[in-house]
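To start, the structure itself, in structure tokens.
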There are 2 protein chains.
Amino acid sequence: MIVENLNKISTHINWVEYKHLWKQLNVPAKTILLKEGEMSKRAYWIEKGCLRLWFNNNGKDITFQFFFENEGVSSIESFSKNIPSPFYLESIEPSVLHYILKKDFEMLMEKIPDFKNIIFEATLERQIYYMEQFLSLIKDKPKERYLKLLKEKPHIIQRIPQHYIASYLGITSVSLSRIRNKI
Amino acid sequence: MIVENLNKISTHINWVEYKHLWKQLNVPAKTILLKEGEMSKRAYWIEKGCLRLWFNNNGKDITFQFFFENEGVSSIESFSKNIPSPFYLESIEPSVLHYILKKDFEMLMEKIPDFKNIIFEATLERQIYYMEQFLSLIKDKPKERYLKLLKEKPHIIQRIPQHYIASYLGITSVSLSRIRNKI
DNA sequence: TAAATTTATTAACAATTGTTATCGTATAGC
DNA sequence: GCTATACGATAACAATTGTTAATAAATTTA
């Protein structure tokens with residue numbers, strides 16, 4: 001389950017009561033938090049730093065999502081369906097994380113209707129996000145996608161290495177470098 | 001809200017009790033059920049036929065989703081957020097549809113926990129579907145996407161006009177014709 | 001049935017992207 | 001500080017896709 005903003009949650013439910021379920025974890029850059037093929041047992045919340053979700057496609061890394069401060073993340077398929085994660089989760093910068101165990105997460109889902117409602121909303125938001133990504137890929141050219149990213153999410157351009165952004169845009173790093181050169 | 005399978009719902013809740021909320025609607029091919037810019041007031045369930053969701057991109061139609069028998073559909077953004085639909089919903093074949101009004105749908109969501117749970121599950125499924133579409137677009141070439149469609153969803157290839165499939169794959173109809181020629 | 005429209009194929013050329021390789025710079029680890 | 005690695009730019013060429021146009025077949029409409 002991907003939780004967009006836990007601050008949002010904290011305004012709705014008695015957050016402090018369940019604070020003890022969250023453990024802090026400090027990691028350096030390039031730390032793998034979840035491997036492809038592993039069972040996801042934790043959901044993370046990012047206090048500081050950034051993470052990426054990626055997978056191996058015929059020997060080439062493809063990064064398809066970035067996460068920053070105040071965002072939550074886990075491999076949604078693995079976490080919600082109890083199957084091995086098809087993706088890697090890895091830190092890009094040194095990061096300060098907080099995690100909750102799957103069983104505790106599920107307990108909150110069951111016992112606190114407001115928590116479930118907020119997760120429902122977050123799931124809907126995420127669905128729309130993925131739909132927009134999908135739509136952008138079938139209607140926009142790579143150059144347009146890059147310019148849109150630059151305009152709408154400049155923090156990604158600023159903080160993320162370019163070759164990760166290239167795979168996120170669906171092109172090679174060489175092609176992205178050419179696009180940047182033309183602008 | 002997109003409901004994948006209302007039969008699934010009917011096995012969980014007292015379906016017959018709410019049957020009167022659904023109205024039948026028979027439409028010929030190429031009937032527009034929801035226009036871009038309109039408010040979505042209905043959720044449809046397809047008994048027979050097929051529909052497509054599409055939008056206009058600089059004068060060119062882009063179809064991004066198809067729906068067939070036993071599937072439910074509406075413009076998710078418009079229906080759940082109460083904003084004008086960014087998409088057109090249109091029949092491809094002559095179709096037998098059943099629809100429920102937004103207010104009745106919301107009533108079911110509120111009053112029947114099982115209904116809400118199933119919609120939650122359907123939303124999660126749909127999220128994974130959009131994520132997979134997104135991933136396929138950044139990792140696979142058009143030819144691979146066409147072959148995958150042919151293998152996994154042959155009914156789409158069989159029933160849908162080719163130029164709609166081309167835009168769904170993110171390419172022109174000319175390019176799709178070339179790809180087919182090579183196979 | 002005839003005419004109009006829609007749909008799919010193909011060709012020629014332009015534009016874009018992929019592939020492979022080289023190079024210089026920046027960064028991280030020892 | 002030094003070395004190894006990572007990162008990004010660029011070049012040359014191949015492969016793919018887009019664009020425009022012409023054509024033929026299929027389907028719809030009158």
Side-chain angles (χ1 to χ4, degrees), chain A residues 26-32 49-50 52 54 56-63 66 88 90-95 136-150 154 156-183, chain B residues 27-32 49-50 52 54 56-63 66 88 90-95 136-150 156-183:
Chain A
N26 294 21
V27 295
K30 299 199 177 189
T31 303
I32 290 179
C50 64
R52 68 183 180 115
W54 64 276
N56 184 297
N57 188 48
N58 296 110
K60 291 185 180 177
D61 285 14
I62 294 184
T63 301
F66 305 107
Y88 288 90
E90 184 178 331
S91 61
I92 293 175
E93 300 173 357
S95 303
S136 175
L137 276 160
I138 60 177
K139 80 185 177 74
D140 300 323
K141 293 170 187 169
K143 187 193 277 183
E144 293 168 325
R145 281 173 53 72
Y146 179 75
L147 288 172
K148 194 186 281 185
L149 201 63
L150 197 61
I156 289 185
I157 308 289
Q158 285 154 14
R159 290 171 67 175
I160 308 291
Q162 205 164 296
H163 60 289
Y164 293 159
I165 295 175
S167 67
Y168 176 77
L169 293 173
I171 56 178
T172 61
S173 59
V174 176
S175 192
L176 177 55
S177 188
R178 273 190 296 234
I179 287 169
R180 281 164 49 86
N181 186 279
K182 284 180 190 167
I183 302 169
Chain B
V27 296
K30 298 201 178 189
T31 303
I32 291 180
C50 63
R52 68 181 180 117
W54 64 277
N56 184 296
N57 188 48
N58 295 111
K60 291 186 179 175
D61 285 13
I62 295 183
T63 301
F66 305 108
Y88 289 91
E90 184 179 332
S91 61
I92 294 176
E93 300 172 358
S95 304
S136 175
L137 277 159
I138 60 175
K139 82 185 175 74
D140 300 324
K141 293 170 187 170
K143 186 192 278 181
E144 294 168 325
R145 280 171 55 73
Y146 179 75
L147 289 172
K148 193 185 282 183
L149 201 63
L150 197 61
I156 289 185
I157 308 289
Q158 286 154 13
R159 290 171 67 175
I160 309 290
Q162 205 164 296
H163 60 290
Y164 293 159
I165 295 175
S167 68
Y168 176 76
L169 293 173
I171 57 178
T172 61
S173 60
V174 176
S175 193
L176 177 55
S177 187
R178 274 190 297 234
I179 287 170
R180 281 165 49 87
N181 185 279
K182 284 179 190 168
I183 300 171

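On a predicted model such as this, the values are computed, not experimentally measured, just so you know. Naming: A, B, ... by sequence-line order, numbering from 1 per chain.
Put simply, the side chain of B/Tyr168 does not reach to within 4.5 Å of the side chain of B/Ile160, judged on heavy atoms. At a threshold of 4.5 Å between non-hydrogen side-chain atoms, the residues B/Ile179 and B/Ile171 count as touching.
In this view, A/Glu93 and A/Arg159 satisfy the salt bridge (charged side-chain N to carboxylate O under 4.0 Å, His left out) rule, not counting sequence neighbours. Shown here are the side-chain contact (heavy atoms from CB on, under 4.5 Å) partners of B/Ile157, two or more places apart in sequence or in another chain: B/Tyr146, B/Leu149, B/Leu150, B/Ile165. Residues passing the salt bridge (charged side-chain N to carboxylate O under 4.0 Å, His left out) test with A/Lys141, sequence neighbours excluded: none. For A/Ser173, the side-chain contact (heavy atoms from CB on, under 4.5 Å) criterion is met by A/His163, A/Ala166, not counting sequence neighbours. Partners of A/Tyr164 by ring-ring contact (aromatic ring centres under 6.0 Å, His included), not counting sequence neighbours: none found. Residues that satisfy the side-chain hydrogen bond (donor to acceptor under 3.5 Å, both in side chains) test with A/Asn26, not counting sequence neighbours, are A/Gln24. Not counting sequence neighbours, the partners of A/Ser167 by the side-chain contact (heavy atoms from CB on, under 4.5 Å) test are A/Ile62, A/Thr63. For A/Arg178, the side-chain contact (heavy atoms from CB on, under 4.5 Å) partners two or more places apart in sequence, or in a different chain, are A/Val174, A/Ser175.
Atoms OG and NZ, from A/Ser177 and A/Lys182 in turn, are 11.0 Å apart once rounded to the nearest 0.5 Å.
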Exercise. What string of B, S and - do you get for nucleotides 7-21 of chain C, 5' to 3', if B is base contact, S is sugar-phosphate-only contact and - is no contact with any protein heavy atom under 4.0 Å?
Worked result: SSBBBB----BBBB-
Seminar exercise, completed: Nucleotide by nucleotide, nucleotides 22-30 of chain D touches protein heavy atoms under 4.0 Å in the pattern (B base, S sugar-phosphate only, - none) ---------
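Annotation: A/Lys143, atom NZ; neighbour count of heavy atoms from other residues, nucleotides and ligands within 6.0 Å does not exceed 12.
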Pairs: protein N or O with nucleotides 25-30 of chain C N or O, under 3.5 Å:
none

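Axis angle, first five pairs versus last five pairs of the helix from C/dT1-D/dA30 to C/dC30-D/dG1: 60°, rounded to 10°.
As a whole-Å value, the separation of A/Ile92 CD1 from D/dC7 P is 10 Å.
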